[in-house]
Protein chains: 2
Amino acid sequence: MKEKELRIDGIDKVILKHLINDARTPILSIAREIGISGAAIHQRLRKLEASGLVAGSKFMINPKVLGYETLAFVGVHLDTASKYSEVIKRLNEISEVVESHYTTGNWAILIKVLCKNNEHLLSLLSDKVQQIKGISKTETFLSLDQHINRQIKL
Amino acid sequence: MKEKELRIDGIDKVILKHLINDARTPILSIAREIGISGAAIHQRLRKLEASGLVAGSKFMINPKVLGYETLAFVGVHLDTASKYSEVIKRLNEISEVVESHYTTGNWAILIKVLCKNNEHLLSLLSDKVQQIKGISKTETFLSLDQHINRQIKL
DNA sequence: CATGAAAATCAAGCTTG
DNA sequence: CAAGCTTGATTTTCATG
């Protein structure tokens, strides 16, 4: 969490560009492309990790292969008296909820959910989400098509 | 893209659980933990990749280190005459837009944007997003706090 | 940059249901 | 027989001085 003055140059960007696309790219193959030693890449990566810019690396799972075809956003209205953290704790226990945001605007919470199909989504909402104490109302937006999905540009 | 009947057993889950958390976990260390050979893990991973369940691996960048502190969702209303694909193409040129969804409900498009601060968001919306031909109106929801952020459960 | 140690990869061959 | 595992040789990568 130490904020050292972080300077990323062109070489860092090339390194990260590779690893953002494929975290298992061999460091030496990047080194060969850039024309510097593998050890140099190592040092830069350690620096980037220490700075916190690189938060880690993850395998990406394709939900469709597991039969999860329905992606939706759900705006959640809370009772005025409700404890936000209590509701989040309940939402966290629902594995289909993959994101939650405390938001300004119409609702208190916006969540992203992954379901197998529309029936699954419907039962999830009525049997689980809307059963949570403190949630008064929900508003659902199906994602029919996700085009852009990327990370921040370096 | 061949859909072979995919069966993932407990061993596959252990392997993926490690790699979802850290894509650079050495395969042999997973092998030792499970008690099978590294080559066996390798074979299973090839199978999982061939099935499409594993969509790849990515380095995760922490936007805050780059000064991007503001996350927002923006609902985009389109003119009835508007071409969705044209608008998406324009949105795709805006690097701050990291997700886009064609949605049912109030808007046509829901996007997720990353900005350095509120002024940056404001100028992004007025100077770039709302300049796109076909976009009639936008509605912004600031994410004040993101708690849940994960992948689908295996 | 060079080097020993570790890991990944590959090809047979073995085991088991 | 087929699927999955093991073994061991070979290549590649890692991490350190």
Side-chain angles (χ1 to χ4, degrees), chain A residues 1-68 116 151 154, chain B residues 1-62 65-66 150-154:
Chain A
M1 301 296 153
K2 200 62 170 308
E3 289 297 320
K4 296 210 61 167
E5 161 184 8
L6 178 64
R7 246 181 50 84
I8 51 175
D9 61 12
I11 292 179
D12 290 322
K13 286 189 185 175
V14 174
I15 297 170
L16 289 176
K17 224 161 274 181
H18 278 279
L19 292 172
I20 284 172
N21 279 326
D22 179 3
R24 288 186 85 91
T25 311
I27 287 174
L28 289 181
S29 79
I30 303 173
R32 275 191 294 271
E33 180 187 317
I34 300 179
I36 62 178
S37 74
I41 309 257
H42 259 274
Q43 287 163 15
R44 284 168 177 270
L45 272 179
R46 295 187 80 77
K47 183 192 68 183
L48 291 171
E49 276 165 19
S51 76
L53 176 61
V54 171
S57 61
K58 303 234 178 303
F59 254 51
M60 306 307 288
I61 298 299
N62 180 0
K64 293 196 180 176
V65 175
L66 295 174
Y68 286 78
K116 301 205 171 198
Q151 296 197 49
L154 294 173
Chain B
M1 302 293 156
K2 199 63 170 310
E3 288 299 319
K4 296 210 62 169
E5 164 184 6
L6 179 63
R7 246 182 48 86
I8 51 175
D9 62 12
I11 293 180
D12 291 322
K13 286 189 185 174
V14 174
I15 297 170
L16 289 176
K17 224 161 272 179
H18 279 277
L19 292 172
I20 284 172
N21 278 328
D22 179 1
R24 289 184 85 90
T25 311
I27 286 176
L28 287 182
S29 80
I30 303 172
R32 277 190 294 270
E33 181 186 317
I34 300 179
I36 62 177
S37 73
I41 308 260
H42 195 245
Q43 288 162 13
R44 281 167 177 269
L45 272 177
R46 295 190 80 76
K47 184 191 67 182
L48 291 171
E49 276 165 19
S51 76
L53 177 62
V54 171
S57 60
K58 304 235 178 299
F59 254 51
M60 306 308 287
I61 298 299
N62 180 359
V65 176
L66 295 174
R150 61 189 174 195
Q151 296 196 49
I152 192 68
K153 188 158 167 277
L154 294 173

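Please read all numbers here as calculations on a predicted model, not as lab measurements. So that the names make sense, note that chain A is the first sequence line, chain B the second, and so on, each numbered from 1. Basis for what follows: all heavy atoms, side chains included, without hydrogens, waters or symmetry-related copies.
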**Study point:** Value rounded to 0.5 Å, distance of CG in B:D12 from CG in B:L48
**Key:**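 Output value for this atom pair is 4.5 Å.
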Check your understanding: Quick one: CZ on B:F59 to OG1 on A:T25, what's the gap to the nearest 0.5 Å?
Key ->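 Interatomic distance, B:F59 CZ to A:T25 OG1, rounded to 0.5 Å: 9.0 Å.
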Point to revise | Proximal nucleotide (of D:dT6, C:dC1, C:dA7) relative to the B:A39 side chain | key: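 Nearest listed nucleotide: D:dT6.
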Review point. What nucleotide among D:dG4, C:dA7, C:dA2 has an atom nearest to a side-chain atom of B:K47?
Key: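 Looking only at side-chain atoms, B:K47 lies closest to D:dG4.
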Presence of [X] side-chain N/O under 4.0 Å of [N] phosphate oxygens OP1/OP2:
{"X": "B:R44", "N": "D:dC5", "value": "yes"}
{"X": "B:R24", "N": "D:dC14", "value": "yes"}
{"X": "B:H42", "N": "C:dA8", "value": "no"}

Distance in angstrom units between [X] [atom1] and [N] [atom2], rounded:
{"X": "B:D9", "N": "D:dA3", "atom1": "CG", "atom2": "C1'", "result": "12 Å"}
{"X": "A:I41", "N": "D:dT13", "atom1": "CD1", "atom2": "P", "result": "12 Å"}
{"X": "B:R7", "N": "D:dA2", "atom1": "CZ", "atom2": "P", "result": "18 Å"}
{"X": "B:R46", "N": "C:dT9", "atom1": "CZ", "atom2": "C1'", "result": "9 Å"}
{"X": "B:I36", "N": "C:dT15", "atom1": "CD1", "atom2": "C1'", "result": "15 Å"}

Review point. What does A:R32 touch in the nucleic acid at a heavy-atom separation under 4.0 angstrom: a base, only the sugar-phosphate, or nothing?
Key: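 Answer is sugar-phosphate: A:R32 comes under 4.0 Å of backbone atoms only.
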Check your understanding: When you look at B:I27 and B:I15, which way does the side-chain contact (heavy atoms from CB on, under 4.5 Å) test go after all the steps?
Key -> CA-CA 8 Å; B:I27 286 176; B:I15 297 170; over 6 Å; no
Review point. 5'-most contact on DNA chain C: B:T25 or A:S37, nearest heavy atom basis?
Key: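 Looking at the nearest nucleotide for each, A:S37 comes out on the 5' side.
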